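The model shown is predicted, which means the values in this text are computed figures rather than measured ones.
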Amino acid sequence: MRFVLIFFVLIVGCSMLSGCATARIKGYQPDGRYCFRISKMAVCTTDPIPSLQQESMAKRFEGDPSRQIVWVVRNAKYDAYDKVSVSVNGIQIKMLHDTVARFALMPGSHHITALHRSSEVGKLAIDGKAGEQIFVEVHPDIGIFSTDFSLRQLSDEEGRRKVLASKLILDQQIGSSL
């Protein structure tokens, strides 16, 4: 009888623990948003994201002869799972872990800022030419008790690698061409 009780407790205990170790689940939601789940916590984009076809076309890295393309990517090992708000010329997107946003901008100077928990954590000014592609990373500065973020420009090679490994959550054209 005692053996049966111990066996029962072990089976119930192990099945309860497996729920805590649930793997991260990524995917599109019926409303077009993108989510991933860690244990019982779901983290989702605020708005619907581009389709798989749009993402595939964007990740060809074809230049635009009249615009500069700015890729903002958040894809670093051991990154925290909080949202980081990134603004490019006032257009704001809440970046999740393993995500990327593409901005087609008029050539010239542009400002990128990042906010985490209502505090500005990064500011970067870029200056680009038509047909050029620039890669900017939302970089986590991971500490023992907290994670801070900053912005940094990436090389073409590293930027393309990180973009290809990330989910496109925004494809935005800013400004009009004359």
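Taking the centre of each ring, W71 and F61 come in below the 6.0 Å mark.
I174 CD1 to R67 CZ: the interatomic distance, rounded to the nearest 0.5 Å, is 9.0 Å.
A continuous path of ILVMFWY side-chain contacts below 4.5 Å connects I91 to V136, so both sit in one hydrophobic cluster. A single hydrophobic cluster is not seen to contain both L96 and V100; linkage of ILVMFWY side chains at heavy-atom distances under 4.5 Å, directly or through other members, places them apart. M57 and L170 are not part of a single hydrophobic cluster, where members link through side-chain heavy atoms under 4.5 Å apart. Connection of L168 to F103 is not established within any shared hydrophobic cluster, with ILVMFWY side chains joined at heavy-atom distances below 4.5 Å, either directly or through further cluster members. Side-chain heavy atoms closer than 4.5 Å link hydrophobic residues (I, L, V, M, F, W, Y) into clusters, and following such links, even through other members, never connects F149 to L154.
Cluster note: F145 groups with I144 through ILVMFWY side-chain heavy atoms spaced under 4.5 Å, whether in direct contact or through intervening members.
Residues S166 and N75 bring a donor and an acceptor atom of their side chains to less than 3.5 Å of each other.
When atom types are taken as modelled, the side chain of R74 and the backbone of M95 share a donor-acceptor pair closer than 3.5 angstrom. Formation of a donor-acceptor pair under 3.5 Å by the K123 side chain with backbone atoms of L151 is not found in this model. Within the 3.5 Å criterion, the main-chain N or O of K167 finds no donor-acceptor partner in the side chain of T99. The closest donor-acceptor contact from the side chain of D31 to the backbone of P48 lies at 3.5 Å or more, if one exists at all.
For R152, the salt bridge (Lys or Arg N to Asp or Glu O under 4.0 Å) partners are E137, E158, not counting sequence neighbours. Evaluation of the side-chain contact (heavy atoms from CB on, under 4.5 Å) rule for Q68 yields L105, H110, E132, I134 as partners, not counting sequence neighbours. Scanning for side-chain contact (heavy atoms from CB on, under 4.5 Å) contacts around L115 gives S85, Q92, E120, with sequence neighbours left out. In this structure S150 satisfies the side-chain contact (heavy atoms from CB on, under 4.5 Å) test together with H139, D141, sequence neighbours excluded. With sequence neighbours left out, K94 forms a salt bridge (Lys or Arg N to Asp or Glu O under 4.0 Å) with no residue at all.
Of all the heavy atoms in A114 and V84, the pair that sits closest is CB-CG1, 4.3 Å.
The side-chain heavy atoms of V43 and K83, taken from C-beta on, include a pair separated by under 4.5 Å. Within the 4.5 Å cutoff, no side-chain heavy atoms of R33 are placed close to those of D47.
The pair K59-E55 meets the salt-bridge criterion, with a side-chain N (NZ, NE, NH1 or NH2) lying under 4.0 Å from an Asp/Glu carboxylate O.
If you run side chain to side chain contact (heavy atoms under 4.5 Å, CB included) between V138 and each of V72, V121, V73, only V72 comes through.
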